[in-house]
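Take a look at the structure below.
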Amino acid sequence: MMNNKRKESFSSRVYAVVRTIPKGKTLSYAEVAKMAGSPKAARAVGNILNKNYDSGIPCHRVVRSDGSTGGYNRGEKRKQEILKNEGVVA
DNA sequence: CATTTGACGCCAA
DNA sequence: TTTGGCGCCAAAT
């Protein structure tokens, strides 16, 4: 059926979106927020990921719209290393 | 329940 | 170009 109205909170939707990010690809917090349903919740997205570092969720593939890596629970440097390791040329 | 924080984004100076 | 400030949202305290 199509009763699946997804009553999950914004955070759950964010996780789902981030999880869809393919290897070697990066999405900005604003993009994720938009896909999650709130085009201006970029801040909220960062906040959610920050307090919920989940394995399986490539939160390291989420960067700022400026192209900066932003932050990471393990260290921004670590995040950049992972992205390069994944195949992110720039 | 109200207030503060925070891995952001965009505009103005 | 860089810095500062404002706006917006959700979770934590």
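No experiment lies behind these values; they were computed from the predicted model shown. To find a chain, count down the sequence lines: A is the first, B the second, and so on, and within it residues start at 1.
Hydrophobic cluster membership is shared by A:Met35 and A:Ile57, with clusters built from Ile, Leu, Val, Met, Phe, Trp and Tyr side chains linked at under 4.5 angstrom.
Not counting sequence neighbours, the partners of A:Asn52 by the side-chain hydrogen bond (donor to acceptor under 3.5 Å, both in side chains) test are A:Tyr15. Among residues two or more places apart in sequence or in another chain, the side chain to side chain contact (heavy atoms under 4.5 Å, CB included) test is passed with A:Ala36 by A:Phe10, A:Arg13, A:Val14. A search for salt bridge (Lys or Arg N to Asp or Glu O under 4.0 Å) contacts involving A:Arg64 returns A:Asp66, not counting sequence neighbours.
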Checklist entry - Reading DNA chain C 5' to 3', what string of ( ), [ ], | and . shows its pairs, if Watson-Crick and G-U wobble pairs count only when both distances fall under 3.5 Å? => result .||||||.|||||

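Using a 4.0 Å heavy-atom criterion, one finds that A:Thr69 contacts no nucleic acid atom at all.
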Which atom pairs, donor and acceptor, lie under 3.5 Å between side-chain atoms of residues 67-75 of chain A and protein residues at least two apart or in another chain?
residue : atom : partner : partner atom : Å
A:Tyr72 : OH   : A:Tyr53 : OH           : 2.9
A:Asn73 : ND2  : A:Asn50 : O            : 3.3

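Tested against A:Arg61 for a side chain to side chain contact (heavy atoms under 4.5 Å, CB included), the candidates A:Leu27, A:Leu83, A:Val32, A:Val18 yield a single pass: A:Leu83.
The salt bridge (charged side-chain N to carboxylate O under 4.0 Å, His left out) contacts involving residues 29-51 of chain A comprise nothing, where partners must be two or more places apart or lie in separate chains.
Less than 4.0 Å separates DNA chain B from at least one heavy atom of each of the following residues of residues 27-40 of chain A: A:Tyr29, A:Ala30. Of all the residues in residues 54-65 of chain A, A:Cys59, A:Arg64, A:Ser65 reach under 4.0 Å from DNA chain B with at least one non-hydrogen atom. The stretch residues 44-52 of chain A touches DNA chain B through A:Ala44, A:Gly46, A:Asn47, A:Leu49, A:Asn50, each having a heavy atom under 4.0 angstrom from the strand.
Scanning both residues, A:Ala42 and A:Ala33, for their nearest heavy atoms gives N-CB, 3.6 Å.
Panel note: side chain A:Lys79, backbone A:Val62; a donor-acceptor pair is recorded below 3.5 Å.
A 4.0 Å heavy-atom criterion places the boundary nucleotides of DNA chain C facing chain A at C:dG7 to C:dA12, written 5' to 3'. Of all nucleotides in DNA chain B having an atom under 4.0 Å from a heavy atom of chain A, the first and last in 5' to 3' order are B:dG6 to B:dC10.
Between the CD1 atom of A:Ile21 and the CD atom of A:Glu86 there is a distance of 11.0 Å, given to the nearest 0.5 Å. The distance from atom CZ of A:Arg78 to atom CD of A:Glu81, rounded to the nearest 0.5 Å, is 8.0 Å.
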